[in-house]
Amino acid sequence: MGRRLLLEHDNVAGIETFDVYRKNGGYRSVEKALKSMSPELVLEEVQKSGLRGRGGAGFPTGMKWSFLAKPEGVPRYLLCNADESEPGTFKDRYLMEKIPHLLIEGMIVSSFALGANQSYIYIRGEYMWILDILEKAIAEAYEKGFLGKNILGSGFDHDLSVAPGGGAYICGEETALIESLEGKRGNPRMKPPFPAVKGLYGCPTVVNNVESIAAVVPIINDGGEEYAKIGLGKSTGTKLISACGNLVRPGVYEIEMGITVEEFIYGDDYCRGIANGKKLKACVPGGSSVPILPHYLVTKTAAGEDRLMTYESLADGGFASGSMLGSGGFIVFDEDQCIVRNTWNFARFYAHESCGQCSPCREGTGWMEKVLNRLEHGQGNMRDIDLLAEINKKIEGNTICPLGDAAAWPVAAAIRHFRDEFEWHVNEREESQKRNYGLIREPQSIA
Amino acid sequence: MIKVTIDDVEVEVAEGTTILNAARMIGGDVVPPAMCYYSKLPDTGGKCRTCLVEVAAGSTKDPRPMPKLVVSCSTPVQDGMVVKNKTSQRVHENRGAVVEFLLINHPLDCPVCDQAGECHLQDLGFEHGAEKTRYEEERRTFDPIDIGNKIKLHMNRCILCYRCVAVANQLTDKRVHGVLHRGEHAEISTYIESAVENDFSGNMIDVCPVGALTDKTFRFKSRVWFLKPMEAECECTKCSGKVVVWQFGNEIYRVTGRKDRYGEVEDQDGKPGWICNDCRFDKKDLSKWNIIGPRTIDRHSVISQGKYEGPRTSIKKVK
Amino acid sequence: MSSSHTDLSKRHSEKPVFSAEKMAEVQVLFAQYPEGKSKSALIRVLHMAEEEFGGWLSIETMDYVAEVFNIQPIEVYEVATFYTMFNLEPTGKYVFEVCRTGPCMLLGSDSIIDYIGTKLDIKVGETSADGMFTLKTSECLGACGYAPMLQCGKKYHEHLTKERVDEIITAYRAGQTPN
Ligand SMILES: Cc1cc2nc3c(=O)[nH]c(=O)nc-3n(C[C@H](O)[C@H](O)[C@H](O)COP(=O)(O)O)c2cc1C
Ligand code: SF4
Ligand code: SF4
Ligand code: FES
Ligand code: FES
C-alpha cells in the first residue's frame, strides 16, 4: 500500500469532529500558511507540487491560481466544486463525509493564497446529509477561530458557507456552477470571459474540485517538492480513485500515481480482481465521459507496455487506443455485460443532463439516445451504427460547454472498439434480446 | 481600428467587434446566418450554433488556426485574423449538421405556418437541408397555447434561441414567460396559464426567428407574400410610431416593426424601433396611419428569391 | 410528450407561509451572500419550501418563494423545472429514487426497480395506492461502489437486494427509518 496523504485518518473514530481532527495534525497548514507564509509563497508551493485539478480536466492548479485577475477593490471568490455527478465518481463524497475538516482546512489555505475573503462549497443537492456534516464542521471551525475575522491573529478574514444544487450534473461545469450559485438555471456561460476574470457576481473566481483543494493541505504541510516526489512525471502526488462495477472490492482508494492498472484491479491492497471469478471485458477508467477500453487495452497499452494509473499512461494511444484518468471514476465490466446497453444507458444520462441551451447538444444527445435505445432493443439497422458515428462527430467541438463532447466520446469509443457487438445486435435481433455477446475478440493488429 | 479578412475580403473594424458584425459590415454572402444572436438584445447569441465559422489564422501575432469552429456572433476579432465562412467546407458541413439538428424535431408545417416566407429556419433549410431527414424517431410535440389574447405560441416550432426572453427582460421588469425544464424537454412557457401583458410584449413576435410566436390578430388571414409592405407612421405616445403595415388592397392585415435584412428592428430616433402593442394589434385602420411608401424587403429570403413553391411535406435542397 | 401549461387541478388551497422560525433560517441564508445577491439562496430555500409544504412545489409554494425573494414567479418556475430533485407534483409520503445509471445497472438496478414496482404495484413515476410510496428513477447519485442503491429523503440505502428492499419498505411502513 502506498502513502496516504488525504485519507490517512479516514478510519480514526471521531475524525469528523474538530478536536479529533486537530489531534491528528489537523489545521497545521493553516497555522503554517497564515503565520509564516505569504500568499505568493503558498501559490509557489502549489506550483512546485505539480498538482493537477482532480475534477476531470487535470489542469495544473498552481497555474489556474496564477491566472486569477486581481483588480483593486473587487472581491475574489474561491468555489469548491462538490457537485460530483459524473457516473462512476464518488470520491469527493467519501472525503467530505469522513474528514470534512480536511476540505475546510484546504479552503482556508487556498483562499488565503488567492486573497479570497469569502468562499463557497457548492455541493450536489442529493448529498444533503453531507451538507449537514460540512455545516457542523464549519461551525466548529468558526468557534475555534479558524474561520471568521482575523484568523489566528493573522489579519486574514475568511467566511465559508455551503450551497446545495438541486439535481443537475451540468452544474459541475464551472460556469454552470456559478450560474447555479447565483440562484439561476445551470446554463453554462460562454467563454471567454473565463471565471478567473469574470466569475461569481462578475468577480474573479477560481473553481476547484474537492480533492484538489484537500491536496493543498499536505502540499503546504510537507512542501510542494515532497509532494512532487510521489508519482511519475507530470502525474504527481496521490489520487483518489473510486472503483465500481464488477469488482471483488469496489470503493474509494488513495493511490500513489504510477501504480499499474493491473495492480489496481487485481492487487490485494486494491480491488482484488473481477467479482465472481469472471473475466474482465472492458473498463472506463475516468468516469462515464472518457472512452471505454476493451479488455486487451486495459492493463497494457497498444504498444504492449504496462498501463499505469497516471494522466499520461491512461491517455496513451490517444482516442484510438487510450482513454483518460478523468475524474477517477473507475468502472469495470465483466464478461457478462452488454456494451450496447451500457452505451445506451450513458447516452440516456447525457440526454437527461443536457441543459438544452445549444442545439447540437440538446437535439444530438436526444437523438443518439433514441437510436441506441432501438439498437439495444433489437430494433436497429446497420445504418444506425454509422448514423451514431456521424451524429457524435457533429456534436463534438460544436457546443458551448464540454458536455457535448462528454456525450459524444463514449459513443464513439464504444463503436470503435465494440463494433462487432453493435452489429450482432442488428444481425441477431432475437438472440441479442436473450443473451449477452460475451467477450470481444482481440483484433490482429491494434497499434 | 483592426484588420480582419473574411472570405478573402478585408475590412477594418473597431476593437471588440465580433466576427459576425465585421462580416455584416462587408455584407453579402460572407455574412454567417444568425438564428439566436440579436444585436439589439444584450446576452443573446452563442446558442443556436448556425453562425459557426472557421478561423484560419487567429491574429497577426499568433497566426495559428483555431482548432474548433467558433461562433462568429460571440467571438471578437483580432488584428490580422483570417476567417472563412462560405469558403470553408468544414463550415458548410457543420452548419448543415446544425440545421439538421434544428430540424429533427421541427414540425415542417410551413404550409400552415404564418411565418412561412419570412422564416430564417426555412431559409437555412433551403440552403443546407438535406434531401431527406435521417431522423426516424418520434418528433417532440407540444400543444399550441395562447400567451395573452394577442400572441400564440407554437412550441413545436421553437428553436430555443432565447430572444423572446431577452426582449422581455429588456422591455419589462415583470417578465412572465421563460424557458422551463431542460435538455430536449426545454420549452418556452408561462408555466401556469397567464397572459404576457405589457405595452411592448408584441415585440416577442418580431424577434422570433421562426413561427413559434405569432400575431393572433393576423393568423391565417393571408400568406405574407400576397401582402404589400408599406412604411407607415403615426403619432404615438408609447413608441416611435414608425412601423411597416402589411396591406391587401385597402385593408391592413398586420403591423410589424421595421426590420433590416437580418431580421432585426431598425433604430428609430437613435433607439431600437420596438413598437407598442397599440400600434401592432389595434391600429388596423388605414386612417390611423400616414403611409410613407412601399417598403423594400431586401432580406435574403425564400420569398425574395421566389423559391417558395407552396405546400410540400419536406424541405428540399435547392441547388 | 409535453404539455405547455401545468395541471391546475393540483394546487394548495391555502397560501403556504414559512413559520417565524423558518423565516429566521432564510435570513441566515441570505446573510451568507453579499448585499443584493440573496437570490443565491434560491435553490436551498426551494428545498426548504418543498420539505415544509407537503414534499412538492405547488404553484402557490413557488409564488410564495418568489415573494420571499422579491422576484418574479417565472424566475422561480425556471429554476424549479431545471433541477430534477424538485417534485412538481404531489408524491407519496416516501419517495424512492432508484439510481439507474451504468455502474448501478451493472449490479442489477434494473431488477431492483422492477422488484419495487411489482411489490408496490406501481410503475416508475407512480405512487402506491395507500399514498405511502412514490417510485422514481434517478441518474448516478455518487454511490456507484455500493450499488445498487436508492435515495429516500436524505438517506441513501445501498447494497440493495430484494431482501433489503423488503426490510426497507417494512420499516418505513412502520414509521421507522431503516438503516
Ligand atoms: C459537464 C461537466 C461536469 C463536470 N462535473 C464536475 C464535477 O462534478 N466536479 C468537479 O470537480 N468538476 C467537474 N467538472 C469540471 C469542472 O468544470 C472544472 O474543470 C473543475 O471543477 C475544476 O477543478 P479542478 O481544476 O480542481 O479539477 C465538470 C465539467 C463538465 C464539462
Ligand atoms: S453543450 Fe449541452 S450542456 Fe453544454 S451548454 Fe450546450 S446544451 Fe448545455
Ligand atoms: S419562441 Fe421564438 S423567440 Fe422565443 S425562444 Fe422560441 S424561437 Fe426563440
Ligand atoms: S447566432 Fe451565433 S450561435 Fe446563434
Ligand atoms: S451509478 Fe448509481 S450511484 Fe453512480
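Lettering follows sequence order; numbering is per chain, from 1. None of the values given here were measured: they were computed from a predicted structure.
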_Close side-chain approach of B/L160 and A/R362, heavy atoms under 4.5 Å_ = yes
*Side-chain contact test, heavy atoms from C-beta onward, threshold under 4.5 Å: evaluate it for B/R182 versus A/H352 and give yes or no.*
yes
*Full working for side chain to side chain contact (heavy atoms under 4.5 Å, CB included) between A/E363 and B/E100*: CA-CA 9 Å; A/E363 305 297 339; B/E100 183 174 27; over 6 Å; no
Is it the case that atom [atom1] in [X] sees more than 12 heavy atoms from other parts of the structure closer than 6.0 Å?
X     : atom1 : value
B/K86 : NZ    : yes
B/D43 : CG    : no
B/K61 : NZ    : no

*chain A contact via B/V70 - side chain, backbone, both or neither, heavy atoms under 4.5 Å*: neither
_Side chain, backbone, both or neither of B/Y135 within contact of chain A (heavy atoms, under 4.5 Å)_ = both
*Begin from the C-alpha positions of A/R374 and B/E137 and carry the test salt bridge (Lys or Arg N to Asp or Glu O under 4.0 Å) through to its verdict.*
CA-CA 10 Å; A/R374 279 194 291 107; B/E137 325 304 323; 2.7 Å; yes
_Heavy-atom pairs under 4.5 Å with chain B, option from A/G356, A/G366, A/P360 with the top count_ = A/P360
*How long is the gap from CD on A/Q357 to SG on B/C48, to the nearest 0.5 Å?*
11.5 Å
*Distance (rounded to the nearest 0.5 Å) between A/C355 SG and B/H181 NE2*: 15.0 Å
*So, the side chain of A/S359 versus the backbone of B/L102: is there a donor-acceptor pair under 3.5 Å, distance only?*
no
*What pair of heavy atoms forms the shortest contact from B/R134 to A/W367, and how long is it?*
O-CZ2, 3.6 Å
*residues 383-405 of chain A: residues contacting chain B (heavy atom under 4.5 Å, by number)*: A/R383, A/L387, A/E390, A/I391, A/K394, A/I395, A/G397, A/N398, A/T399, A/I400, A/D405
_Heavy atom to heavy atom, less than 4.5 Å: which residues from residues 177-202 of chain A reach chain B?_
A/R185, A/N187, A/M190
